[in-house]
2 protein chains.
Amino acid sequence: MSTAEETAGGDAQAWGEVTPDAARRLLIAAVEAFAERGYHATTTRDIAGRAGMSPAALYIHYKTKEELLHRISRIGHQKAVEILRTASRREGTARERLADAVSSFVRWHAGGRTTARVVQYELDSLGPDARAEILALRRQCDDEVRGIIEDGVAAGEFDVLDVKGTTLAVLSLCIDVARWFNVDGPWTPDEVGALYADLVLRMVGEKQPSPGGQR
Amino acid sequence: MSTAEETAGGDAQAWGEVTPDAARRLLIAAVEAFAERGYHATTTRDIAGRAGMSPAALYIHYKTKEELLHRISRIGHQKAVEILRTASRREGTARERLADAVSSFVRWHAGGRTTARVVQYELDSLGPDARAEILALRRQCDDEVRGIIEDGVAAGEFDVLDVKGTTLAVLSLCIDVARWFNVDGPWTPDEVGALYADLVLRMVGEKQPSPGGQR
DNA sequence: GGCCATGCTAAGCGCCCGCTCACCCTCGGC
DNA sequence: GCCGAGGGTGAGCGGGCGCTTAGCATGGCC
């Protein structure tokens with residue numbers, strides 16, 4: 001479950017896999033710019049400037065501005081699938097696996113908000129082909145979470161009326177964290193992760209009694 | 001509680017208050033275009049074209065493209081506050097009021113998805129002054145929902161660990177409906193409203209036993 | 001040392017953006 | 001019949017956009 005290993009700042013995620021050093025700097029610059037202003041409001045000059053390069057340098061490493069978004073989106077979604085798959089495939093009760101999935105997924109959205117925001121909200125700026133590829137990854141996210149909930153229902157741990165709808169609501173809740181989470185706000189990513197894991201367990205009918213105090 | 005009176009199509013909401021007829025047509029065209037492509041990817045030529053007018057006509061009724069977004073945002077947020085306030089101030093238990101608030105708020109986001117999408121997701125395309133004005137309206141939404149939850153906790157109806165966090169999660173869940181809801185999908189706005197009201201009641205510790213069948 | 005591949009820049013092309021301006025209908029009041 | 005105001009248009013402005021191209025510095029290899 002590990003605490004949030006990547007905080008804000010440069011959002012130094014697993015961009016390590018992006019190999020020419022300049023290409024990685026450009027990609028990180030693009031993530032920041034897209035997250036701040038949105039894909040369409042970001043100019044290639046802005047991206048290059050943040051990376052400390054001339055506008056033309058961008059086109060040595062990427063064919064178009066859209067390719068940047070595509071690459072960011074794919075890497076981000078792969079990370080999302082990995083997080084959910086790891087939680088889904090670990091040992092434990094459905095209850096434990098669901099809590100793990102939600103808390104780590106939320107922590108990723110809150111801690112790497114810059115990245116998550118681009119990944120989750122700039123999707124329809126992609127062309128049809130790239131979008132289709134990304135949507136396939138999203139369906140995998142869906143499948144992992146639904147799998148856990150189905151397991152819990154089958155094992156009698158959960159009490160769920162509409163598995164498909166509940167799956168969607170759980171994912172929706174986690175994803176929307178990227179929209180509202182504020183680094184300077186009252187919560188840490190870990191706190192939101194814990195809160196949300198509790199809320200989701202309640203949603204699937206696994207209501208643990210509150211230990212006492214309310215706030 | 002009323003069923004969804006306004007479905008998709010022209011999204012014929014309460015734009016009735018926009019008075020010169022041409023100004024209203026332009027505003028509705030802008031809502032559709034912003035919802036489809038986003039604010040920055042929409043051109044003034046596109047908006048005018050959808051309204052059946054020349055590009056210049058836009059500037060007779062609105063000073064800038066941003067003023068269009070501002071007007072849309074304000075009207076939409078006023079509607080959102082009104083929906084939540086109506087549910088909050090009706091008679092009934094906190095349980096009934098919260099279910100009412102969530103189901104009607106969700107129905108608005110699903111049924112008038114075009115409008116809701118613009119209202120909820122194009123907010124930071126506004127300038128600082130306009131954004132501040134809209135954020136005040138959002139805080140009112142927050143207050144209404146938190147009020148209901150606080151009432152429920154005080155009355156012993158709800159079992160909530162973190163009132164502020166739960167309020168945020170409830171609103172987040174409802175708002176995100178505008179992102180994923182699809183008119184051609186498997187659910188009607190009413191169905192999503194009912195499902196979400198159930199899920200939210202579970203989140204606040206008001207777990208009613210499932211009437212039997214699951215899925 | 002000569003050579004070229006690589007990585008980058010300065011300059012700029014062509015396009016389309018938000019927005020403006022000069023002008024034109026239409027229609028109610030007298 | 002004439003006038004003026006309000007709602008509309010066609011043409012086009014300045015500028016910034018995504019992207020290209022010609023040329024320059026570097027450094028590894030023979």
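Convention: sequence-line order gives letters A, B, ...; per-chain numbering from 1.
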Parallel, tilted or perpendicular: which fits the ring planes of B:W180 and B:Y196, with parallel below 30° and perpendicular above 60°? tilted

Do the ring planes of B:F105 and B:H109 sit parallel (below 30°), tilted (30 to 60°) or perpendicular (above 60°)?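 Rings of B:F105 and B:H109: perpendicular, over 60°.
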
N/O-N/O pairs, protein side and nucleotides 21-26 of chain C side, under 3.5 Å:
none

Might you work through the side-chain hydrogen bond (donor to acceptor under 3.5 Å, both in side chains) test for B:H77 and B:Q140, ending with a clear yes or no? CA-CA 10 Å; B:H77 272 89; B:Q140 286 185 43; over 6 Å; no

Could you tell me whether the side chain of B:D198 reaches within less than 4.5 Å of the side chain of A:D162, counting heavy atoms only? no

For [X] and [N], what is the distance between atoms [atom1] and [atom2] respectively, to the nearest whole Å?
X	N	atom1	atom2	result
A:K63	D:dC19	NZ	C1'	14 Å
B:D46	C:dC16	CG	C1'	13 Å
A:R37	D:dC17	CZ	P	10 Å
B:L68	C:dG18	CG	C1'	12 Å
A:H40	D:dG18	NE2	C1'	13 Å
A:Y62	D:dT20	OH	P	16 Å
B:L58	C:dT20	CG	P	11 Å
B:E67	C:dG18	CD	C1'	14 Å

Is there a donor and acceptor pair, one atom on the side chain of A:R45 and one on the base of D:dG16, closer than 3.5 Å? no

So, does A:Y39 use its side chain to make a donor-acceptor pair with the main chain of A:E66 at under 3.5 Å? yes

Is it true that [X] and [Y] have a side-chain N and a carboxylate O under 4.0 angstrom from each other?
X	Y	result
B:R37	B:D46	yes
B:D21	B:R25	yes
A:R138	A:D142	no
A:D143	A:R146	yes

Heteroatom pairs (N/O) under 3.5 angstrom, protein to nucleotides 3-8 of chain D:
from: D:dG8; atom 1: OP2; to: B:H61; atom 2: NE2; distance (Å): 2.9

Nearest to side-chain heavy atoms of B:T43, which nucleotide of D:dG18, C:dC19, C:dC17: C:dC17

Report yes if at least one side-chain N or O of B:Y59 is closer than 4.0 Å to OP1 or OP2 of C:dC19; otherwise report no.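 Yes.
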
